There are 2 protein chains.
Amino acid sequence: MAWMDALNRYREHPERYVAHGDGDDDLPVLYFDSDAVVLRDMFPKATVHLLVIPRPAEITFRHPAVALTREVQDTIQLAIQWAKNYTFAQFVDQFPESLSSYDLQKFITEFVLVGVHSVPSMSNMHVHVISRDFHSPSLKHKKHYNSFNTAFFVPWDQLPLESPPDKTQAELTIKNTPLKCSYCRRDFRNKFKALKEHLDEEFHNHFNKS
Amino acid sequence: MAWMDALNRYREHPERYVAHGDGDDDLPVLYFDSDAVVLRDMFPKATVHLLVIPRPAEITFRHPAVALTREVQDTIQLAIQWAKNYTFAQFVDQFPESLSSYDLQKFITEFVLVGVHSVPSMSNMHVHVISRDFHSPSLKHKKHYNSFNTAFFVPWDQLPLESPPDKTQAELTIKNTPLKCSYCRRDFRNKFKALKEHLDEEFHNHFNKS
DNA sequence: TATTCCGATAGTGAC
DNA sequence: GTCACTATCGGAATGAG
Ligand SMILES: Nc1ncnc2c1ncn2[C@@H]1O[C@H](COP(=O)(O)O)[C@@H](O)[C@H]1O
Ligand SMILES: Nc1ncnc2c1ncn2[C@@H]1O[C@H](COP(=O)(O)O)[C@@H](O)[C@H]1O
Ligand SMILES: [Zn+2]
Ligand SMILES: [Zn+2]
């Protein structure tokens, strides 16, 4: 199933996919070293949504929730930090006025999520680094949103888990947890459209270019 | 709720709504006497779909499954028979070649359903007389189809029942019974669109104007 | 808990 | 199980000398 393996090319040959930085290319790789690759998620679920892919073939197909031991985490820590800094830089660039009240640490702590999905779909191990606005046209349904806003999302600091999460239980968590605004926790039950409109309001209240 | 009472005008004043028979009027009443009115269903679920409405005010709001006693049935029997004959005549008129293998009795027995819904929505008591092709643009979802093709439909010959059917049970029957072709019993599970396409094929295999 | 397309299911409003 | 509109939920395909 080829779509599952779409991330592998970036792991094996990141140098072939390096973004030019001229703004109108669609090459995704932003950073790489011998241990990890940082790239733009092709279907970003927020204003900034990056993937950090560990490169070693021996671990790429293991479950991230158990394979991301402290030792493995250490090997990609530089890439993770690069991604977090990049996220902040993107917001500073796009919304300089709104970001004046944040410093790097405060912004990252309060507004950047780092972690993995309980049940990934893509075969190659990857870590999500994503801004918590969830303001994006690619965020299209409840599963997208709840995969980052429920226990389905396993934060970096809680890794590794002792055993891989149960798939059925994880599915129920996604399906049955009511949608809650990531800013104010307001409960939208299963009203995804209403949540989207509210997230749009929240975003424009928090960030603007003027 | 006015929509529930839409049939009442035909019960009270059938003479105001008599079809001209010139083909391009939308007046629905085809026959009436002092006991009953026969009219075209406004949203026909098959090629011919008629309603027979008993006229007495004393029984019009009672549940048809229990109020259509043998005595009441007798009073509208003429109208019922008129509707069955009309259904046959319509098919003979539209598909003379295809109908040559049928006589009136065979056609009515095999291809005309007469009965009531376990849980009617329209307030005024009415009996459905409908051809079993279910080939109509107004047949738009599973509920429409299963309301004539499951135990939700109570045939004329089984009336009256001892007590009104349980609403919840009737709803489950509609929802959970798989869709089966009324001609060949083929099972379409919950695939309504596929059933529609198959019914279209069946119809054109059984009936054509050439 | 990949995307996309399509269709089935469900809630609402109707004066 | 009135209709018509919207939105949510759900399965299937996704490849291709
Ligand atoms: N071809 C692709 N290139 C880059 N990212 C992708 C591609 N296909 C899917 N994705 C993203 O990969 C992520 C996989 O998430 P998951 O497997 O659930 O942890 C999702 O956020 C997708 O948007
Ligand atoms: N205004 C109307 N005039 C004639 N028939 C109608 C009207 N509104 C609904 N119907 C039909 O009345 C029938 C009522 O079905 P039921 O109450 O389920 O037995 C349905 O077949 C509708 O298509
Ligand atoms: Zn909010
Ligand atoms: Zn069939």
Side-chain angles (χ1 to χ4, degrees), chain A residues 1-8 41-45 51 63-65 115-124 126 128 137-154 164-177 179 188-197, chain B residues 1-7 41-45 51 64-65 116-124 126 128 137-154 165-177 179 188-197:
Chain A
M1 295 184 249
W3 62 263
M4 282 183 164
D5 304 321
L7 300 182
N8 199 54
D41 191 295
M42 185 176 284
F43 306 96
K45 306 308 187 296
L51 302 176
H63 195 298
V116 303
H117 284 162
S118 287
V119 184
S121 291
M122 302 305 267
S123 301
N124 297 278
H126 53 278
H128 295 271
S138 293
L139 188 97
K140 293 181 176 176
H141 50 65
K142 179 198 277 198
K143 285 198 264 190
H144 287 152
Y145 189 77
N146 273 357
S147 74
F148 294 102
N149 289 281
T150 67
F152 187 89
F153 190 79
V154 187
D166 177 67
K167 183 181 159 103
T168 303
Q169 187 54 48
E171 286 170 354
L172 289 175
T173 296
I174 290 274
K175 202 167 82 70
N176 295 334
T177 305
L179 297 160
F188 288 82
R189 296 185 297 170
N190 65 340
K191 307 302 179 189
F192 182 77
K193 189 182 184 340
L195 170 68
K196 282 281 285 186
E197 289 162 1
Chain B
M1 295 183 248
W3 63 263
M4 280 183 165
D5 305 321
L7 302 181
D41 191 295
M42 185 177 284
F43 307 97
K45 306 307 190 293
L51 301 177
V116 303
H117 284 162
S118 286
V119 184
S121 294
M122 302 305 267
S123 300
N124 297 278
H126 54 277
H128 296 271
S138 293
L139 187 96
K140 294 181 175 176
H141 48 66
K142 179 198 278 199
K143 289 187 202 179
H144 287 153
Y145 189 77
N146 273 357
S147 74
F148 294 102
N149 289 280
T150 67
F152 187 88
F153 189 80
V154 186
D166 177 67
K167 184 181 159 103
T168 303
Q169 187 54 46
E171 287 169 352
L172 289 175
T173 297
I174 291 271
K175 202 168 80 71
N176 295 334
T177 305
L179 298 160
F188 288 82
R189 295 184 297 170
N190 63 340
K191 306 302 179 188
F192 181 78
K193 189 177 193 299
L195 169 68
K196 283 281 284 186
E197 288 163 0

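Reminder, nothing fancy here: chain letters follow the sequence lines and each chain counts from 1. Since the model is a prediction, treat every value here as computed from it, not as a measurement.
- A/Asp166 pairs by the side-chain contact (heavy atoms from CB on, under 4.5 Å) definition with A/Thr168, A/Gln169, not counting sequence neighbours.
- Counting to the nearest Å, the P atom of C/dT3 and the CG atom of A/Leu7 are 11 Å from each other.
- Side-chain contact between B/Tyr145 and B/Lys45 is absent, with no heavy atoms from C-beta onward closer than 4.5 Å.
- The residue A/Met122 sits close only to the backbone: its heavy atoms come under 4.0 Å of sugar-phosphate atoms, none of a base.
- Rounded to whole Å, the distance from CD1 on A/Ile174 to P on D/dT8 is 17 Å.
- Between A/Leu179 atom CG and D/dT8 atom P the separation is 9 Å, expressed in whole Å.
- Residue contacts for A/Phe148: at a heavy-atom cut-off of 4.0 Å it reaches no nucleic acid atom on any strand shown.
- Atom C1' of nucleotide D/dT2 and atom CG of B/Asn124 are separated by 13 Å, given to the nearest angstrom.
- Only the C1' atoms considered, D/dG17 is 26 Å distant from C/dT4, to the nearest whole Å.
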Requested in this report: Mark up nucleotides 4-15 of chain C, 5' to 3', with B wherever a protein heavy atom is under 4.0 angstrom from a base atom, S wherever such an atom reaches only the sugar-phosphate, and - elsewhere.
Outcome: S--SSSS-----

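- In this structure the side chain of B/Asn146 never reaches within 4.5 angstrom of the side chain of B/Phe152, judged on heavy atoms.
- Distance NZ (A/Lys196) to P (D/dA7): 13 Å, rounded to an integer number of Å.
- Considering only residues two or more places apart in sequence or on other chains, A/His144 meets the ring-ring contact (aromatic ring centres under 6.0 Å, His included) condition with A/His141.
- Contacts of B/Phe192 classified as ring-ring contact (aromatic ring centres under 6.0 Å, His included), with partners at least two apart in sequence or in another chain: none.
- Comparing the axis of the opening five pairs of the helix from C/dA2-D/dT14 to C/dA14-D/dT2 with that of the closing five pairs yields an angle of 20°, rounded to 10°.
- Every residue two or more places apart in sequence or in another chain that forms a salt bridge (charged side-chain N to carboxylate O under 4.0 Å, His left out) with A/Lys193 is listed here: A/Glu197.
- Remark: B/His128 engages B/His49, B/His117, B/His126, B/Phe148 in a ring-ring contact (aromatic ring centres under 6.0 Å, His included) (not counting sequence neighbours).
- Within 4.0 Å (heavy atoms only), A/Ser147 reaches sugar-phosphate atoms of the nucleic acid but no base atom.
- Checking side-chain atoms of B/Lys142 against main-chain N and O of B/Ile174 turns up no donor-acceptor pair under 3.5 Å.
- A search for side-chain contact (heavy atoms from CB on, under 4.5 Å) contacts involving A/Lys191 returns A/Arg189, A/Ala194, not counting sequence neighbours.
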Enumerate all atom pairs, one protein N or O and one N or O from nucleotides 15-17 of chain D, separated by less than 3.5 Å.
none

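- Contacts of A/Asn8 classified as side-chain contact (heavy atoms from CB on, under 4.5 Å), with partners at least two apart in sequence or in another chain: A/Arg11, A/Glu12, A/Asn124.
- With sequence neighbours left out, A/Ser123 forms a side-chain hydrogen bond (donor to acceptor under 3.5 Å, both in side chains) with A/Asp5.
- Under 4.0 angstrom from either OP1 or OP2 of D/dT2 there lies no side-chain N or O belonging to B/His117.
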